[in-house]
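These notes concern the structure reproduced below.
In what follows, every chain begins at residue 1, and chains take the letters A, B, ... in the order their sequences are listed. As the structure is a prediction and not an experimental result, all values here were calculated from the model.
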Number of protein chains: 2
Amino acid sequence: MSLHLACDNCDLAPLCLAGELSQDNIKELDKFMTCRRPLEKGEHLFRQGEEFTNIYAIRSGTVQSYLHTDKKAEQITGFHLPGELLGLNAIAGGKHLSNCKTLERCSVCEISFEAFAELGEKIPALQQQLLLIMSKEMAHSYQFIHFFGKRSAKSRLVIFLLNLSTRFKLRGFSARQFNLGMRRMDIANYIGLNPETITRLFADLQQQGLLELHKRQLHLHDITALEKIANS
Amino acid sequence: MSLHLACDNCDLAPLCLAGELSQDNIKELDKFMTCRRPLEKGEHLFRQGEEFTNIYAIRSGTVQSYLHTDKKAEQITGFHLPGELLGLNAIAGGKHLSNCKTLERCSVCEISFEAFAELGEKIPALQQQLLLIMSKEMAHSYQFIHFFGKRSAKSRLVIFLLNLSTRFKLRGFSARQFNLGMRRMDIANYIGLNPETITRLFADLQQQGLLELHKRQLHLHDITALEKIANS
DNA sequence: CGGTGACTTGAATCCGCTCAACTGCGGTGG
DNA sequence: CCACCGCAGTTGAGCGGATTCAAGTCACCG
């Protein structure tokens, strides 16, 4: 069963696979694009080691990717917002490198990579768009390396928050006010700190009046001041 | 002036753009591939902010990429070995995101991205190969995030060394014995530590008999023990 | 209600940093 | 050839930021 949710009526298409494609080409793409029932909170799109067959695109909701490491420890490797593609790093190896699960109820579109590759031969602009997206994601990892280089805990947290902020803004949501879908300990895990440290840092920032946090609802008050902290 | 160095007589072709291409297709690719005079130590392939026009492939030698950050500080973002492509993360933005300079005398091949894209429309396998390489690089960044998550200084250094080791091996060099082309402080910068810490850690590891280091010549004695440290 | 999991708070500890002095080496020029 | 310089690397002492461990609060859900 697939819902009638097509790329040509999706607000996120410009950020996503459809990109700058012509209406005709988008229609062509839509023939292979499917959108299953929404996933409930905590469901997996795919798991580490599974065969790579589809490209996934988030239509709504937040998704988390993570690795199993030895012991029972998990390493969180990313949080993904609507319009982002998932699983692309598995093209080379043919197997998914990470687990991917929803942090809330999510709509997810998918397309068989095989079908996509065939279609790409007919529509060069589509290939080009995938290239663009992958390049963008590489650029993003780049930032990440930069930001995990020797930085204070406060810098790390603030960079993380500002990164989320700009990504929300790009998608038409508020850059100043949004919901962190994830737990403190997941943030901590992701940016290489301890949950307790995250708590203390939020308390600090709140006391300085730079932001407010109630439960997971975040309000950034002074973005320029936060940017200063990010580059300290 | 361009030297007569073609993909079809290059040992690294399978790792590089040529990949699994047929001989005919490689000949086609070679028409657009050029290989200038070797670059001397310290020369730049490109600089941050410059327009992205070419894809570069390292034929021999080691290359370092780095960012200028505010103040005079630099952040090193990668060390690149023969067979690796440079500048791909600039496809999306059209401008290079990082500086790229040689750590020693290097041969570098290049191809105009425009020419490549055109050729890719004629030879789908070539497009596919670029996709593969980019996916592989994304997978690599993935490792990186994993490895910059909360880890001890010793883990970080060892992971860095083992990563170099496997990459050398993949290229037909020894996995146990190779030359670190970079300074201690560059390693430190890259993995988010201090030069002094790097020194101390090397001293430790050497005392434990796990490796030997003279100047920049490294000899890994007990790789399985090192792997244990990497996952601690 | 009790119970669980997320989050907070406090005190003690430790890892890696900072700063400063020192060694060793390669290059340059007298 | 040696004296000098500058940079890479090493070593030591003290400091501080983030972790660890442990106890306590809070909200949610059975």
When rounded to whole Å, the CD1 to C1' distance for the pair A:I187 and C:dT8 reads 15 Å
Those residues that, when tested against B:R105, pass salt bridge (Lys or Arg N to Asp or Glu O under 4.0 Å) (two or more places apart):
B:E40
Without decimals, in angstroms, what is the distance between A:L205 CG and C:dT8 P?
13 Å
Hey, can you pull the donor-acceptor pairs under 3.5 Å for the side chains in residues 199-217 of chain A, sequence neighbours left out?
from	atom 1	to	atom 2	distance (Å)
A:E212	OE1	A:H221	NE2	3.1
A:R216	NH1	A:G181	O	3.3

Degree of bending in the helix from C:dC1-D:dG30 to C:dG30-D:dC1 once both end axes are built from five pairs, to 10°
30°
Check salt bridge (Lys or Arg N to Asp or Glu O under 4.0 Å) between A:R59 and all other residues, then give those that pass, not counting sequence neighbours.
none
Separation of A:M185 atom CE from C:dG5 atom C1', in whole Å?
10 Å
It should be established whether A:R184 places a side-chain nitrogen or oxygen under 4.0 Å from OP1 or OP2 of nucleotide C:dC7.
yes
When the distance from NZ of B:K41 to C1' of D:dC7 is rounded to whole Å, what number comes out?
12 Å
Those residues at least two apart in sequence (or on a different chain) that pass salt bridge (Lys or Arg N to Asp or Glu O under 4.0 Å) with A:E110 are A:R36
Rounded to the nearest Å, what distance is computed from the CG atom of residue A:L180 to the C1' atom of nucleotide C:dA6?
14 Å
I need the CG-C1' distance between B:N189 and C:dG16, as an integer number of Å.
16 Å
Run the ring-ring contact (aromatic ring centres under 6.0 Å, His included) test against A:Y56 and tell me which residues pass, sequence neighbours left out.
A:F46
If I take atom NE2 in residue B:H214 and atom C1' in nucleotide D:dT10, what distance separates them, rounded to the nearest angstrom?
15 Å
Output the rounded distance in Å from CG (B:D186) to P (D:dG9).
8 Å
Partners meeting salt bridge (Lys or Arg N to Asp or Glu O under 4.0 Å) with B:R171 (sequence neighbours left out):
B:E84
Strictly under 4.0 angstrom, non-hydrogen atoms only: write out the protein contact profile of nucleotides 15-30 of chain D, one letter per nucleotide from the 5' end, B, S or -.
---SBBBB----S---
Spacing of B:L164 atom CG and B:L81 atom CG [to the nearest 0.5 Å]
6.5 Å
Between B:S98 and B:Q48, is there a side-chain donor-acceptor contact under 3.5 Å, judged purely by atom types and distance?
no
With B:A13, which residues qualify under side chain to side chain contact (heavy atoms under 4.5 Å, CB included), at least two apart?
B:A18
